Amino acid sequence: MKRRILSFICSFVMVITLMPQMQIVPYDVMADATTVVVPEYKIQDGNDEISWENIAGAASYNVYEADSRFGTYEKVVSVTESSYEVSSENKYYKIAAVVNGVEKEQSKPVSEELQMFGENVIFYEPGDEQEKIQEEVDAIFTSQEEAQFDENRYALMFKKGVYSDDLKVNVGFYTQVAGISALPTDTQIGGLEVSANWLFANNGETKNATQNFWRSTENLTVNSSVMWAVSQATSFRRMNIKGNLTLVDDGSWASGGYTSNSVISGTLEHAGQQQWFNRNTKAGSFNGTSWNLVNVGCEGQRGENDTVQDTIVSETPEAAERPYLVCDDNNDFSVIVPAYKENTKGISWQNGEEDSKKIPIEDFYIAKPDVDTADTINAALQSGKNLILTPGIYRIDKAIEVTNADTVVLGLGYATLEPTKGTEAMKIADVSGVRVAGLLFEAGTENSETLLRAGEDNASADHADNPVVLSDLFFRVGGANHTEKVSCDTCVMINSDDVIGDNFWVWRADHGWDASVGWDENICYNGLIVNGDDVTIYALMVEHFEEYQTIWNGNGGKTYFYQSEMPYDVPSAEEYMS
């Protein structure tokens, strides 16, 4: 059954205490491809260099340099060999062959940061030509607007500064849009939008945002009002909105989402959202709700259209904000890890101050889906490295194992883990302080017992002072596989005590490619099992599993906002009975 077309939804909001790839912006080469240089940037100890294969007939090569990818390239040298030692690690370079005295087409740009993060982590700077930024973000959106089960993944990263007020970023599927300076106020863009123009309901009469999944934005100032018409598997974090934030598109249907640690100077308008969760967010006013709205640790007035269906919790009892990538004025990268806090209200970055630690990029292993395996990633983790997973799908033959305390695992651009041999996608040992954020877990064609396991069976260590925090983690069984059945027994199993979950969507697909959607096609019994004590989860959304949506065995647990749907495709009452 297609999603939420006047369907019954079991959705309730509560505070519970529980007891016993591909790049879509191609390099346009000339017809005579034999004269086009394809350079490679090599990061080496001491000196970085660019190298390329010789072009037949080339007498020399011109090297061009710019401060940024869309900056102005100026010729710096002509060389006869097929390599060049770069003058600065912070520059972008292009190479052009000179054949018979004629300079041929310039190469695609190369740089240290592109080599580090890959081509689908795309960096912008205020000094770039703004029209070229707009052209590229529009091209990515055009590719991703309807790409609900596509394999492309993108992270659009805006460096510190003020961009044109005309620059508007539309956000499609599997796209992360982020400022990468320390504070949201450091980086300003003109506009940001998620629309519902691609999908209609009611015989084409009503815009439908109920399938606007898998997209996020964080750490930016937007100098205008924002429309963010989304549903599950999205996040809106560390944002500073100079206007209103509206969560529907022109009266569209929409089905729940997540906002945290953000400021909206005007009204946060929930309008026709079926449900929504806000945490540590400050707004001029919170207005409107369709079914259920939960505010935890928020600041702002309630609007005149708010209803008794709202749940207001004055303080957030325990939380830690999601880690995020930053780039400083020297173009040095690091990851900021906000501190664990108790009993908070409002944003964490008030007055430009935030309690956090900064981890240099040298302490991270930066994985790429076309290069890395579970073995290379695990070797880096075991050596003491933290982990960044760049955009793409990691089809892994064994679990990624996080065994060291205080390890940070950060996914960019909806990096996706898919086990191929029936293992977990990730296992976290019963250690303190681990942070995992920004990942999509995908069931594979060989059955896995679970996709994410936090803590071994019978885990018992006390992590109360330094909990494991799992932020923006999304789980999917079926929908995306074109030809084969997929399955797992349970998507998420939390065995450790004192774990904090912050924004989960755990989904057995109810629509998608027909080959992987059906009672006997995408089999998964339970969405989430919690065995640990004192586990807290904010914004827990679990849907369509074939036995129990959630099993919570641990003592002292709490969930703030719980949204759940029963399976639509039950063939008979007998097959659905325990």
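Computed from a predicted model, the values in this text were never measured in an experiment. The first residue in the sequence is number 1, and the count goes up from there.
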- Query: Ring centroid separation for W198 and F173, is it under 6.0 angstrom?
  - Reply: yes
- Item | is_close_aromatic(F333, F117), centroid dist under 6.0 Å |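 Yes.
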For [X] and [Y], does a side-chain donor sit closer than 3.5 Å to a side-chain acceptor?
X	Y	answer
D186	S181	yes
N280	T316	yes
E354	S348	yes
D67	N90	no
E269	T246	no
N386	D363	no
E401	N378	no
E442	T416	no
D465	Y340	no
N197	S195	yes
D534	H463	no
T185	N240	no
D332	N330	no
S68	D128	yes
S255	Q275	yes

- From CA spacing to verdict: side-chain contact (heavy atoms from CB on, under 4.5 Å), L387, V402: CA-CA 10 Å; L387 175 64; V402 182; over 6 Å; no
Closest heavy-atom contact between [X] and [Y]?
X	Y	value
V137	K168	CG2-O, 4.2 Å
A437	P323	CB-CD, 4.1 Å
V248	G272	CG1-N, 3.7 Å
S496	G455	OG-CA, 3.2 Å
A425	L417	CB-CB, 4.0 Å
G243	S265	N-OG, 2.8 Å

- Yes or no on salt bridge (Lys or Arg N to Asp or Glu O under 4.0 Å) for K341 and E321, after CA distance, side-chain angles and deciding distance? CA-CA 9 Å; K341 298 280 190 177; E321 301 298 338; over 6 Å; no
- Message: Check this for me: K282, atom NZ, are more than 12 non-hydrogen atoms of other residues, nucleotides or ligands nearer than 6.0 Å?
- Response: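 12 or below, so no.
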- Have a look at E218 and tell me which of Q176, R237, R238 forms a side-chain hydrogen bond (donor to acceptor under 3.5 Å, both in side chains) with it. Q176
Fit a plane to each ring of [X] and [Y], take the angle between them on a 0 to 90° scale, and name the class: parallel (under 30°), tilted (30 to 60°) or perpendicular (over 60°).
X	Y	value
Y414	Y174	perpendicular
Y163	F158	perpendicular
F236	W228	perpendicular

Electrostatic pair [X]:[Y] at N-O distance under 4.0 angstrom:
X	Y	result
R302	D310	yes
E145	R215	no
E318	K558	yes

- Query: Between K385 and F364, is NZ or CZ placed under 6.0 angstrom from the six-membered ring centre and within 45° of the ring axis?
  - Reply: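 Because its charged atom misses either the 6.0 Å distance or the 45° angle limit, K385 does not stack over F364.
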- Answer yes or no on whether R476 is positioned over the face of W505, meaning its NZ or CZ is under 6.0 Å from the six-membered ring centre and within 45° of the axis. no
Within the side chain of [X], is there an N or O that forms a donor-acceptor pair under 3.5 Å with the backbone of [Y]?
X	Y	answer
N351	E353	no
T281	V263	no
Q301	S285	no
T234	G257	no
Q273	G256	yes

Side-chain touch [X]/[Y], heavy atoms, less than 4.5 angstrom:
X	Y	answer
Q148	Q211	yes
I428	T403	no
Q563	E543	yes
N331	K159	yes

- Just do the side chain to side chain donor-acceptor pair (under 3.5 Å) check on D372 and Y394 with the steps written out, would you? CA-CA 8 Å; D372 283 290; Y394 296 77; over 6 Å; no
- Message: What verdict does the salt bridge (Lys or Arg N to Asp or Glu O under 4.0 Å) test give for D328 and K160, after you've listed the backbone C-alpha separation in whole Å, the side-chain angles of each residue and the deciding distance to 0.1 Å?
- Response: CA-CA 8 Å; D328 65 18; K160 180 179 180 180; over 6 Å; no
- Looking at Y538, Y258, F277, which one forms a ring pair (Phe, Tyr, Trp, His ring centres under 6.0 Å) with Y560? Y538
- Item | Stepwise side-chain contact (heavy atoms from CB on, under 4.5 Å) check, K242 with T221 | CA-CA 7 Å; K242 299 294 189 179; T221 291; 4.1 Å; yes
- Message: Could you go through E136 and R69, starting from their C-alpha distance and side-chain angles, then the distance that decides it, and tell me whether this counts as salt bridge (Lys or Arg N to Asp or Glu O under 4.0 Å)?
- Response: CA-CA 12 Å; E136 184 168 70; R69 190 163 60 97; 2.5 Å; yes
- Query: Run the side chain to side chain donor-acceptor pair (under 3.5 Å) check on D406 and N466 step by step: do they pass?
  - Reply: CA-CA 9 Å; D406 299 311; N466 188 17; 2.9 Å; yes
- Message: Between T267 and N287, is the side chain to side chain donor-acceptor pair (under 3.5 Å) condition met? List the steps.
- Response: CA-CA 7 Å; T267 298; N287 194 51; over 6 Å; no
- Message: Using side-chain contact (heavy atoms from CB on, under 4.5 Å), reason through W276 and V230 one step at a time and then give a plain yes or no.
- Response: CA-CA 10 Å; W276 194 270; V230 300; 3.7 Å; yes
- Please say which of I377, V434, V436 ends up in a side-chain contact (heavy atoms from CB on, under 4.5 Å) with V409.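 Result: among I377, V434, V436, V436 is the only option passing the side-chain contact (heavy atoms from CB on, under 4.5 Å) with V409.
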- Message: Run N261 and R279 through side-chain contact (heavy atoms from CB on, under 4.5 Å) and show every step you take.
- Response: CA-CA 7 Å; N261 203 23; R279 181 180 61 71; 5.6 Å; no
- Task: Applying salt bridge (Lys or Arg N to Asp or Glu O under 4.0 Å), run through E125 and K132 and close with a yes or a no.
- Result: CA-CA 11 Å; E125 299 188 26; K132 289 185 177 180; over 6 Å; no
